[in-house]
2 protein chains.
Amino acid sequence: MAKRPTVYDVAAEAGVSIATVSFAFTQPHRVKSSTLDAVLDAADRLGYIPSASARGLAKGRTGALGLYAYDYLVDASFDVRGDNAPSSGDDGRLFPLYVDEVQRGVQLECWDRGLALMIGGARTTDHVRRVTDIAGRVDGLICFAGAVDLAVLESLSERIPVVELGSAVRSAQLRTVMVDNRTAMRELALHLTRHHGLRRIEYFGGAGTAEFTQRWDGFVEAMHDAGETHRAAWPSRPGYAATTRESLDEVLSAGQHPEAIVCSTDQEALVVLDRLHELGIRVPQDIAVTGFDGILATQTASPALTTARQPMEEIGRVAVRELLDALDGRQADHGEPLPTQVVIRRSCGCGPTD
Amino acid sequence: MAKRPTVYDVAAEAGVSIATVSFAFTQPHRVKSSTLDAVLDAADRLGYIPSASARGLAKGRTGALGLYAYDYLVDASFDVRGDNAPSSGDDGRLFPLYVDEVQRGVQLECWDRGLALMIGGARTTDHVRRVTDIAGRVDGLICFAGAVDLAVLESLSERIPVVELGSAVRSAQLRTVMVDNRTAMRELALHLTRHHGLRRIEYFGGAGTAEFTQRWDGFVEAMHDAGETHRAAWPSRPGYAATTRESLDEVLSAGQHPEAIVCSTDQEALVVLDRLHELGIRVPQDIAVTGFDGILATQTASPALTTARQPMEEIGRVAVRELLDALDGRQADHGEPLPTQVVIRRSCGCGPTD
DNA sequence: TTGAAAGCGGTACCAT
DNA sequence: ATGGTACCGCTTTCAA
């Protein structure tokens, strides 16, 4: 690998100064066209690749945004599919989860705007070091709520704009792309109580972040509206199928089956679907099931899963725009949270039940 | 946004020289532990974020790899799903295509190795400028075959290692992660001719890159083995559903239906499935259909699509390792191409036909 | 174990 | 329209 040519090499080759080379690339119109050609030619001949490091150092901006992601897919074995699943030849993976779809939105928006995207992450460890590393590489950072300690993000946000993807403003220092989780979960549960007249409903999920708290709140509200005083949520975590399965088994072994199981995420709902199928319990005839997020797999699950869809790609795109606003010194317009949308399919009891 | 603290600020705060600060971060063991603490403390207090630009410039390495991707999903309207598709509430997207799954492999491998990943791309235009920009930001570049002109890649590869993902070594200067497309397509077609005894088979697809040439070759070989002299491929491009649909309509209007349609990609096969469904032509009873790639959607398509699966995540991971080898000065071991695997499902006529 | 100082490859201001 | 030249923040000898 030959040494990379620098502005100096190009300047020498073209017989001009390095300042002119720089101009030629950054403000072509300010350079005499014959000079411009000479420089561009020389650069081409030499295979000149501008160093982003040098440029970034000099300008104080890198021209790249960062996304700190993490892997929801904790269980390596996690693999849910429809009933017409293949019998062989497929590996454990899978379909895009929430993070994947949001990431796609970020990516597309960056590309559309000519920005480079730095994607960082770690499987489980060392989040602080890794996110700081990424922060040092970019002009602005997008981060999923829950991936990194709030204190760390706040510290970073003192130096570069940070956008958090969540459902509540956790800190005035951060910009937040919000999604209304409560309303959708409430409507989802109301659909069960009103449209289907169900009452004995169990909720599966935790309350780690604001999203989950909101979902739980929405559920509780709906139950209250239906005149039910609801006890508590069954412990269950997306990405840890065992937690979901254990709660399910416990629920089922407690005498009378519930009429419905409301899950805090699609990922958990799919596990429930899978387990119920194993046990020969029919969905929705015996038990209705609902999810949350609207990931792709819910469309093709069997039965198709009733859920609430988050506008995932849009979340990503909005996050990029927020960052750009911040970099341009525009105020955050803490507007309405992005809406989620209830998606009625079959697992709640709607539509033909085969 | 306050100015970012630098090594100078940290040095002053800790009462040491900038060299010591640098050492504290890069070679902690070479610094007296009390000094180390002082520096780390100061850095923490100040919210110090090391500048990757400065570091990259000084070291001559950025510590990041680049992936130049592009969007196969040309048709905005492209949206194929199983028959138990939802009736509402879903947007046009989608499921991970070949590129998405490979990208995931790249991403995971980078994370596992503590590398940052720069993802670049453009929707349609300006590929040369964009890929060069990315190249200037990273230590090595991964590129999908077909995304960028070979000459450009060769030029870049004179300065940084470049790995191309394809199915043939197009240039000795590039490292290539190869996948054997020919064999799998041949076996797929042989399955149709031998197991199902089919003869009148039409091939849909182009021959833009080596992958596609190989697939076509594999198909032709199989037909030859079956004693059939095959005419030609019907024009069809993944991402341009109209091309596929037009060819299909033409094929169908030409009197006797073919017994099978072999497509060069899953994306096209899904379009074929969709169109045949519209026309009331049953798959596989009336016409068998096969795809290629093994993207997720083939599992849940209706009927489940018989196809050949590329080890997509592995392709991405291997590419990263290749790059690392190159950066460490290790020779390329141009080994065996990664194997593809035939996946027999229902669209060829195997299994229950509902 | 720590410090001084010379780069790394650009940018941008100030001259010419 | 171009050239000269201080930086930008960090790494890395070489000395102390």
Side-chain angles (χ1 to χ4, degrees), chain A residues 1-40 42-43 46-64 132-133 135-139 159-160, chain B residues 1-40 42-43 46-64 132-133 135-139 159-160:
Chain A
M1 218 64 47
K3 181 183 167 303
R4 306 194 197 197
T6 70
V7 274
Y8 294 94
D9 302 313
V10 176
E13 174 84 10
V16 299
S17 78
I18 61 164
T20 303
V21 174
S22 180
F23 278 136
F25 279 95
T26 55
Q27 318 189 38
H29 56 280
R30 292 178 39 76
V31 176
K32 203 208 304 177
S33 100
S34 60
T35 316
L36 181 60
D37 290 343
V39 173
L40 263 27
L46 263 34
Y48 172 64
I49 305 173
S51 155
S53 295
R55 195 195 299 258
L57 180 56
K59 301 183 59 155
R61 282 217 181 180
T62 64
T132 305
D133 175 82
R137 297 172 178 276
V138 299
D139 298 330
R159 311 304 171 193
I160 62 173
Chain B
M1 215 65 43
K3 180 182 167 303
R4 305 194 198 198
T6 71
V7 274
Y8 295 94
D9 301 313
V10 176
E13 175 83 10
V16 298
S17 76
I18 59 164
T20 301
V21 174
S22 180
F23 282 138
F25 279 96
T26 56
Q27 320 188 36
H29 55 280
R30 291 178 41 74
V31 176
K32 203 207 307 179
S33 100
S34 62
T35 317
L36 182 60
D37 290 345
V39 172
L40 263 27
L46 263 34
Y48 172 62
I49 305 174
S51 155
S53 295
R55 192 195 301 256
L57 180 57
K59 300 183 60 154
R61 282 216 180 179
T62 64
T132 305
D133 176 82
R137 297 170 178 277
V138 299
D139 297 331
R159 310 304 171 195
I160 63 172

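Chain letters run A, B, ... following the sequence lines, proteins first and then strands; every chain starts at 1.
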Open item on the list: Tell me the interatomic distance from A:L57, atom CG, to D:dT11, atom C1', rounded to whole angstroms.
Closed with: 12 Å

Open item on the list: Tell me the interatomic distance from A:R137, atom CZ, to D:dC8, atom P, rounded to whole angstroms.
Closed with: 22 Å

Task: N/O donor-acceptor pair under 3.5 Å between B:D9 side chain and B:T6 backbone - done: yes

Open item on the list: Under 4.0 Å, heavy atoms only, any strand: does A:Y48 hit a base, just the sugar-phosphate, or nothing?
Closed with: sugar-phosphate

Open item on the list: With a 3.5 Å distance limit and no angle check, can you tell me whether A:R159 reaches the backbone of B:K3 through a side-chain donor-acceptor pair?
Closed with: yes

TODO: Please state how far atom CD1 in A:I18 lies from atom P in C:dT11, giving the value in whole angstrom units.
DONE: 9 Å

Open item on the list: Under 4.0 Å, heavy atoms only, any strand: does A:V21 hit a base, just the sugar-phosphate, or nothing?
Closed with: nothing

Open item on the list: At 4.0 Å (heavy atoms only), tell me whether B:S53 reaches a base, stays on the sugar-phosphate, or touches nothing.
Closed with: nothing

- [ ] Report yes if a side-chain nitrogen or oxygen of B:S51 is closer than 4.0 Å to either non-bridging phosphate oxygen (OP1 or OP2) of D:dG9; otherwise report no.
- [x] no

Task: Between P of C:dG10 and CG of A:D9, the distance in whole Å - done: 9 Å

Open item on the list: Is it the case that the side chain of A:R137 and the backbone of B:T62 share a donor-acceptor pair, with hydrogens and angles ignored and the cut-off at 3.5 Å?
Closed with: yes

Open item on the list: Looking at D:dG3, I'd like to know if its phosphate oxygens (OP1 or OP2) sit under 4.0 Å from a side-chain N or O belonging to A:K32.
Closed with: no

Task: Separation of atom NZ in A:K59 from atom C1' in C:dT11, rounded to whole Å - done: 8 Å

Task: Backbone N/O of B:I18 and side chain of B:S22: donor-acceptor pair under 3.5 Å - done: no

TODO: Using a 4.0 Å heavy-atom cut-off across all strands, classify B:V16 as base, sugar-phosphate, or nothing.
DONE: sugar-phosphate

TODO: Could you check how far OH of B:Y8 sits from C1' of D:dC10, rounded to whole Å?
DONE: 8 Å

Open item on the list: Taking B:G63's backbone N and O only, do any of them form a donor-acceptor pair with B:D139's side chain (distance below 3.5 Å, no angle check)?
Closed with: yes

Task: B:A58 or B:R30, whichever maps to the more 5' nucleotide of DNA chain D - done: B:A58

TODO: Remember a base hit wins even if backbone is also touched, and classify B:F25 as base, sugar-phosphate or nothing at under 4.0 Å, heavy atoms.
DONE: nothing

Open item on the list: Would you say A:T35 places a side-chain N or O within less than 4.0 Å of OP1 or OP2 belonging to D:dT2?
Closed with: yes

Open item on the list: What is the distance, to the nearest angstrom, from the NE2 atom on A:H29 to the P atom on D:dA1?
Closed with: 10 Å

Open item on the list: Quick check: on DNA chain C, is the nucleotide nearest B:T20 upstream (toward 5') of the one nearest A:A54, or the reverse? Name the residue that is more 5'.
Closed with: B:T20

Task: Spacing between A:R55 atom CZ and D:dC10 atom C1', to the nearest angstrom - done: 19 Å

TODO: Quick one: label B:S22 by what it contacts on the DNA or RNA (base, sugar-phosphate, nothing), any heavy atom closer than 4.0 Å.
DONE: base

